[in-house]
There are 2 protein chains.
Amino acid sequence: MAKQTPTPDTNHSNLDQRKASILEAVVAEHVDTAQPVGSSAVTQNAKLEVSPATVRSEMVALERQGYLVQPHTSAGRVPTDKGYRYFVDHLKAGKLGAAKQQHIGDFFASVRGEVEDVLEQTATMLSKLSNYTAVVLGGSSSTAPIVSVQLVNLDAHHQLLVTVFSDGTVLKHSVIVDFEVDHNDVAEASKQLNALLHGTTTADKVQVPSRQDDVATMVRESVAVLHAERPTHEGEQVFIGGSSKVAESMDGVDNVRNVLAILEQELVVVSMIEEVLAEDVAVKIGSENQLETLASCAVIVAPVTVEGETVGAVGLLGPTRIKYSELMATTRTVSEHLTRHFEGDKER
Amino acid sequence: MAKQTPTPDTNHSNLDQRKASILEAVVAEHVDTAQPVGSSAVTQNAKLEVSPATVRSEMVALERQGYLVQPHTSAGRVPTDKGYRYFVDHLKAGKLGAAKQQHIGDFFASVRGEVEDVLEQTATMLSKLSNYTAVVLGGSSSTAPIVSVQLVNLDAHHQLLVTVFSDGTVLKHSVIVDFEVDHNDVAEASKQLNALLHGTTTADKVQVPSRQDDVATMVRESVAVLHAERPTHEGEQVFIGGSSKVAESMDGVDNVRNVLAILEQELVVVSMIEEVLAEDVAVKIGSENQLETLASCAVIVAPVTVEGETVGAVGLLGPTRIKYSELMATTRTVSEHLTRHFEGDKER
DNA sequence: TGCTAGCAGTCAATTCTACTGAGTGCCAAG
DNA sequence: CTTGGCACTCAGTAGAATTGACTGCTAGCA
């Protein structure tokens, strides 16, 4: 019995050559047609020179191992999340079509304006290019030095701290004190804050006055607010492009509604994206997502890194039935351009 | 023939009492059930003491006049846009249920934070309350005096002008010059701008230096950018709450996608809202909307006015089949609260 | 031992038919 | 002017029959 079996039917993550080809063909076909894929379709599509019957028996094995499922007895097969996962993991880095590459290049060559605008437009562009929903995350700005600080009086107990960073970012924070402030004191506090903080970053420690007068209190409060460890992701900005694509690409009203509901909650979107980044995986497929609601979605994410630090991310959200190869390449390309764009800004 | 006919069957915008009641009943029933309404349903619902047959002949007349339509021969009637319009125009100002009134009151009693946050939360609240998509417009801030101006160097030809207003608004503008700027010049220009603009509003004229050196040029450019007549609605902020409700309330994937696509384009949303406000009408029904895509939608808008000036708006977007009375009351209530909220801020 | 052709079986999707029932329009009588 | 009654229309539904795209299995072949 123990000959040199070329088809060991292991339970491990490896499939023999032919099974892999078949799985690949099923994924490709299903992505294309949205229909269950039958054995004969596979024989026509894949470069395999075997009969449908052979494919069938292989598919039985693939199903037993959890890579495929049958919607019902007399239907073809559809990839499971595990099937997609295998497909994605064994994907050789795809190349992006010249036309799309050109398109992205042109976009970044012509885009102007402030950071927010660039990110927003990137999201829109990526969504149009891919026909799926795009998410762009802009990192917080704690690295840039502070150019100017301004304390603005809103009402007796309520000031607004406006901080301008050298990269053009502006942050606003509410500052609340428990005494009635004097107008001149605010001006004075503003002046002191400027002297104190100009040129520093939010990571730097500064010497705050320890006096107990109103001005000193305001200064202390302001610095505290600004330096406060942000509840995760505060300051992260989220730009979503093409949320209407959800209606096209997902099926089932409930699904559409649920996914849209998630996109409305920026914090959820941020953590969803960061989750993917954290594990250093670029793709989450279906049930791999933490959120149950996204069980029918695939998320592709690429980080934007400047000087080795992750300052943002580019993501795509679509159904699991998606052109992984192309879209992964697209996402990567856009993130690289974005990285270059920001590094370019830095240099100048 | 010329008796004292109490039913003159005019083509004018007036319907006799009974027709009006019937139309009202049809609208009410259809809003409730989403089904075409038959004659007997009307007799049960309306307080009319007439037989279905009578109602039928009246409905024929209403159909001839364009207030109702039949989806097909053997179905009940459905209101047309014109029918809804008549209904809305003859609606006596509805009262809002105590529970909802309470809810809104509680919300505004507890809401804190900066203007943007308040508007954003208002949109979310209104959407949850109504179960439709809410739109909140925050007006531009040209009325508040300037507290501080800061010119930030981004690259050799490229500065960012950050303007802080006394109400806490912050505006950013790009300033581009055609010479290589010196770092010190930027600081000097910043200083001069502050001296020049502090305490003024963007509507005030200021005396700019006419010298031809770099600093003066930057100052002139900056003031010009800041005072530039904004392309309509620049600076308007749009907050959309509950876009996922679109998926629930509109039927037909195409419809959902189209409406979502509109909501993505902030400028379009702004002009849509302003269009309703401009004509001093609170409601646009179906084909009354400029945008064809919104032919199956109703838009309800109420302005937010502070000191007689319209500074924003509150809107709801739903299908034409909507509870006009209640939702108009809701929208009005929220806009009044918002008005009071901002006036309260002003006073302090 | 692995591949393949062929065959019987399964079952979603489609088509057809008949039927139901909500609702109309019209008419004749009150 | 209103109303009851009646014939008619037609979308929607339910059931039966048909189709066809698959499969699993088995027996024969290299």
Side-chain angles (χ1 to χ4, degrees), chain A residues 1-10 15-19 21-23 25-26 29-30 32-65 67-80 251, chain B residues 1-9 15-19 21-23 25-26 29-30 32-65 67-79 251:
Chain A
M1 269 208 184
K3 284 200 181 175
Q4 29 159 345
T5 36
T7 322
D9 202 348
T10 60
L15 296 176
D16 72 61
Q17 185 55 42
R18 198 167 65 186
K19 284 200 186 63
S21 298
I22 291 175
L23 177 55
V26 171
E29 184 76 8
H30 179 67
D32 223 53
T33 62
Q35 299 285 327
V37 182
S39 52
S40 65
V42 171
T43 57
Q44 286 166 19
N45 218 308
K47 55 241 150 214
L48 292 170
E49 297 286 332
V50 289
S51 78
T54 312
V55 171
R56 254 174 266 153
S57 63
E58 293 287 49
M59 295 213 292
V60 173
L62 281 168
E63 181 162 13
R64 223 184 343 250
Q65 292 173 65
Y67 293 100
L68 298 176
V69 271
Q70 265 182 308
H72 55 87
T73 326
S74 71
R77 257 90 172 187
V78 164
T80 58
D251 30 30
Chain B
M1 270 213 182
K3 285 197 184 177
Q4 27 158 347
T5 37
T7 323
D9 202 348
L15 297 176
D16 72 60
Q17 185 56 41
R18 198 167 64 185
K19 285 202 184 62
S21 298
I22 291 174
L23 177 55
V26 171
E29 184 75 7
H30 179 68
D32 223 54
T33 62
Q35 298 287 325
V37 182
S39 52
S40 65
V42 170
T43 57
Q44 284 166 20
N45 216 309
K47 55 242 146 207
L48 292 171
E49 296 286 332
V50 289
S51 78
T54 312
V55 172
R56 254 175 267 152
S57 62
E58 293 285 50
M59 295 213 293
V60 172
L62 281 168
E63 182 162 11
R64 225 187 339 254
Q65 292 173 64
Y67 294 99
L68 298 177
V69 271
Q70 266 183 306
H72 55 87
T73 326
S74 72
R77 256 87 173 190
V78 164
D251 29 33

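Quick note on labels: first sequence line is chain A, next is B, and so on, each numbered from 1.
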Contact state string [nucleotides 2-15 of chain D, B base, S sugar-phosphate only, - no protein heavy atom under 4.0 Å]: SBBB---BBS----
Nearest non-hydrogen partners of P36(B) and H30(B), listed with the distance: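 For P36(B) versus H30(B), the nearest heavy atoms are N-ND1, 4.2 Å.
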Shortest non-hydrogen separation from R56(B) to S39(B) and the atoms involved: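 Taking R56(B) first and S39(B) second, the nearest heavy atoms are NE-OG, 3.3 Å.
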Determine whether [X] and [Y] make a side-chain contact, defined as any pair of heavy atoms from C-beta on separated by less than 4.5 Å.
X      : Y      : value
V42(B) : R77(B) : no
Q65(A) : K19(A) : yes
V78(B) : Q35(B) : no
L68(A) : M59(A) : yes

Q70(B) (side chain) donor-acceptor with A75(B) (main chain) under 3.5 angstrom: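 Pair found, side chain donor or acceptor close to backbone of A75(B).
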Starting from [atom2] on [N], measure out to [atom1] on [X] and report it in whole angstrom.
X      : N       : atom1 : atom2 : value
Q70(A) : dT10(C) : CD    : P     : 14 Å
L68(A) : dT23(D) : CG    : P     : 11 Å
E29(B) : dG23(C) : CD    : C1'   : 14 Å
M59(B) : dA22(C) : CE    : C1'   : 12 Å
L62(A) : dT23(D) : CG    : C1'   : 15 Å
Q17(B) : dC1(D)  : CD    : P     : 17 Å
E63(A) : dG24(D) : CD    : C1'   : 12 Å

Q17(A) CD to I22(A) CD1 distance, which is reported to the nearest 0.5 Å: 10.5 Å
Residues touching DNA chain D, which here means a heavy atom under 4.0 Å, drawn from residues 32-42 of chain A: G38(A), S39(A)
